[in-house]
Structure formats: structure tokens, C-alpha cells
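Remarks on the structure that follows.
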Amino acid sequence: MGRIHSLSSTSALLWFVLVLYNISDVYGNAEGDALYAFKKHLHDPYDVLQSWNRTLVNPCTWFHVTCNNENSVVRVDLGSANLTGQLVSQLGQLVNLQYLELYDNNISGKIPIQLGNLTNLVSLDLYQNKLGGHIPETLGKLQKLRVLRLNSNALTRTIPYSLTTITTLQVLDLSSNRLSGYVPNNGSFSRFTPISFANNPKLILPAVVPLAPAPAPAPMNS
Ligand SMILES: *[C@@H]1O[C@H](CO)[C@@H](O)[C@H](O)[C@H]1NC(C)=O
Ligand SMILES: *[C@@H]1O[C@H](CO)[C@@H](O)[C@H](O)[C@H]1NC(C)=O
Ligand SMILES: *[C@@H]1O[C@H](CO)[C@@H](O)[C@H](O)[C@H]1NC(C)=O
Ligand SMILES: *[C@@H]1O[C@H](CO)[C@@H](O)[C@H](O)[C@H]1NC(C)=O
Ligand SMILES: *[C@@H]1O[C@H](CO)[C@@H](O)[C@H](O)[C@H]1NC(C)=O
């Protein structure tokens, strides 16, 4: 009886350990899969992503990837890495991501609407690439975002009003694109100056209050 009891509790423990292991494995692999899908859409002439090896349990030991204590990805740092290719919708699965740094590469295609699922994002830096299409409305869901730099790409269409609801936004750079329509000036956008929107020939800045007429020049000599 005692022996049976201890046997069954041993197998219960074994079962529990196995379940736990599988959960962490699946969890780790889901984020590893997402990043690996991204790697598959990139051309990487300098082998910057060499350590992104799919056979590892999770992506936490990969270069340019940082995880938290729960082995969940919080940073992807691939600025100035000479990468060419596209962003993938799977990036939206990195639910704990805080920093997505992909500036100064040659990444083209569109910004996936799924990036709006990265609700813990603090910094989204996609500047100096070749991104086209429009700025997704879904980026307004990034309610912890402090830095949004999409400048020096080929983004078109209007700036979504959803971005004005991001109260945490401190740095915004949408300059040097092909945006059009009106620049919002309400919500968080009341903080930003025309510098944030420069070099978008078809963009219309909010009407500026005209300066008071200059005072009549004083007589030269009196
Ligand atoms: C990935 O890791 C496995 C196991 O450590 C190794 O055999 C394999 O060569 C690695 N693949 C690449 C592309 O580095
Ligand atoms: C990117 O390419 C330049 C040369 O075109 C090279 O000097 C630089 O080291 C490369 N960067 C990386 C991260 O490999
Ligand atoms: C992007 O590609 C162009 C050529 O298409 C090249 O001149 C430039 O150095 C590349 N930039 C980066 C950061 O890889
Ligand atoms: C991610 O975003 C897309 C489009 O915004 C949405 O359809 C999808 O349900 C989201 N996925 C998750 C897991 O939240
Ligand atoms: C700014 O104005 C637009 C259009 O009227 C609206 O959709 C948006 O919610 C407003 N933003 C804030 C923060 O009130």
C-alpha cells in the first residue's frame, strides 16, 4: 500500500515535471519560431544571424536577442546589421517585447499590422530602411510606446489618428517619407514640432497661428 502510494506519487511528480518542461519548451519555441520566421525572410550577407539556430530550446542565447527571467524575448537589437528582406507578421507574437531595433538596414515591404499586438513595446525603431505601404492603424494599440521612429523610409498615405492616443509617446520621427494628408495635432501629437514630419512633400501641417503684423519701422532719425 505504502509502496504503491509512493510509486504513484513518484509518477505524478514525473508527469508534472514533464508537463512543466513541455510548457516551457513550447513557450520558448513559439518565440524562437517567430524570430526564425523573420530570419527566413532576411538576406544576411554578414552572417549577423548565424547564432539564430532553430535547434536550441529557446532564442535567449541568440546574439541580438535579450530575454527576461521567464525566457521570453524583451529586446531585438539589429540596427545597422546590413539586413535586406521583409518584416513578418510572426513578430507580433513576441508579446513581451519592449525594444524592436531594426534601424539602418535595407528592409523593404510593409509594416505588418500584427506589430500592434506588441503592447509592451517601449521603442519601435524602423528608421532608415526601405519600408513602403502605410503606417498601420493598429500601432495605436502600443500604449506603452515612448519612442516611434519610422523616418527615412518610403511610407505613404495618411498618419493614423490612433497614434495620437499614445499618451506615453516622447519621441516621434516620421520625417523623410511619402506621407500625405493632414498631420494630427491633438492628443500626444500636440507635443511634436514640424521637425517630426519634415521632408514629406505631400503632408499638410496644421495651420500655424499667423504672427502678429510687424510693427511699423521706427523713423531712422528723429
Ligand atoms: C545548430 O546547432 C546544432 C546543435 O548544436 C548544430 O549541430 C548545428 O550545426 C547548428 N546549426 C547551425 C546552422 O549553426
Ligand atoms: C555592414 O557592411 C559594412 C560594409 O558595407 C561593414 O563595414 C560592416 O561591418 C557591416 N556591419 C555588420 C554588422 O556586419
Ligand atoms: C542598402 O542597399 C544599397 C544598395 O541597394 C546600398 O548602397 C546600401 O549600402 C545598403 N545599406 C545598408 C544599411 O545595408
Ligand atoms: C494580432 O493582430 C492581428 C491584427 O491586428 C489580429 O487579427 C490578431 O488576432 C492578433 N493576434 C493576437 C494573438 O493577439
Ligand atoms: C484626435 O482627433 C481624431 C479625429 O478627430 C480622433 O479620432 C482621435 O481620437 C483624437 N485623439 C485624441 C487623443 O483625442
Side-chain angles (χ1 to χ4, degrees), residues 26-35 37-39 42-52 62-66 72-73 75-121 124-131 133-146 148 150 152 157-170 172 174 179-192 196-197 203-207:
V26 166
Y27 186 56
N29 278 333
E31 297 198 335
D33 284 350
L35 286 172
F38 183 34
K39 176 180 172 165
L42 294 172
H43 174 59
D44 175 19
Y46 290 84
D47 255 342
V48 169
L49 305 176
Q50 191 176 27
S51 64
W52 290 29
W62 297 358
F63 286 144
H64 313 291
V65 173
T66 308
S72 185
V73 177
R75 293 189 69 114
V76 173
D77 288 283
L78 284 168
S80 306
N82 293 320
L83 299 171
T84 307
Q86 281 90 43
L87 301 174
V88 296
S89 60
Q90 286 92 329
L91 288 170
Q93 294 166 13
L94 304 171
V95 289
N96 290 309
L97 197 65
Q98 295 176 13
Y99 294 82
L100 183 54
E101 306 297 321
L102 299 173
Y103 56 86
D104 188 26
N105 285 291
N106 266 334
I107 298 172
S108 56
K110 295 180 176 178
I111 300 174
I113 57 169
Q114 289 82 3
L115 294 195
N117 292 341
L118 300 174
T119 52
N120 285 301
L121 217 53
L124 179 56
D125 277 328
L126 304 178
Y127 60 91
Q128 288 175 33
N129 277 291
K130 291 184 174 152
L131 292 165
H134 61 283
I135 301 173
E137 166 101 37
T138 54
L139 296 190
K141 295 196 292 176
L142 306 178
Q143 292 284 319
K144 292 182 185 170
L145 205 59
R146 292 204 291 258
L148 177 60
L150 306 177
S152 305
R157 301 197 7 209
T158 59
I159 300 170
Y161 273 105
S162 62
L163 298 182
T164 64
T165 69
I166 309 175
T167 54
T168 49
L169 206 55
Q170 288 166 359
L172 176 71
L174 303 178
L179 298 166
S180 58
Y182 287 94
V183 176
N185 65 349
N186 60 339
S188 61
F189 273 51
S190 64
R191 290 198 280 273
F192 303 117
S196 295
F197 312 102
L203 205 52
I204 305 160
L205 285 161

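Atoms within a ligand are numbered from 1 in the order they appear, just like the ligands themselves.
Protein heavy atoms are absent from the space less than 4.0 angstrom from atom 5 (O) of ligand 5. By the definition of a contact as any protein heavy atom under 4.0 Å away, atom 11 (N) of ligand 4 is in contact.
Side chain of S196 to main chain of L172: a donor-acceptor pair is present (N/O by atom type, distance under 3.5 Å, no hydrogens or angles). When atom types are taken as modelled, the side chain of E31 and the backbone of V73 share a donor-acceptor pair closer than 3.5 angstrom. A donor-acceptor pair is defined here as one N or O able to donate and one able to accept, closer than 3.5 Å; such a pair exists between the side chain of N105 and the backbone of N82. Judged by distance alone, with hydrogens and angles left aside, the side-chain atoms of N117 form no donor-acceptor pair with the main-chain N or O of V95 at under 3.5 Å.
Considering only non-hydrogen protein atoms, atom 3 (C) of ligand 4 sits nearest to N117 ND2, 3.8 Å. Scanning the protein for heavy atoms near atom 7 (O) of ligand 5, the closest one is Y161 CB, 4.0 Å. Here the protein heavy atom with the shortest distance to atom 9 (O) of ligand 5 is T165 CG2, 4.4 Å.
Residue T138 approaches ligand 4 through these ligand atoms, each under 4.0 Å from one of its heavy atoms: 5 (O). Distances below 4.0 Å separate heavy atoms of G187 from the following atoms of ligand 5: 13 (C). Annotation for ligand 2: atoms under 4.0 Å from non-hydrogen atoms of N82 are 1 (C), 2 (O), 3 (C), 8 (C), 10 (C), 11 (N), 12 (C), 14 (O).
Considering each of T167, N186, N185, the one bringing a non-hydrogen atom nearest atom 1 (C) of ligand 5 is N186.
Taking the six-membered ring for Trp and thresholds of 30 and 60 degrees, Y127 and Y103 have nearly parallel ring planes, at less than 30 degrees apart.
If you check the side chains of Q143 and T165, you find a donor sitting under 3.5 Å from an acceptor. For the residue pair S80 and D104, a side-chain donor N or O sits within less than 3.5 Å of a side-chain acceptor on the partner.
Residue S80 places a heavy atom less than 4.0 Å from ligand 2.
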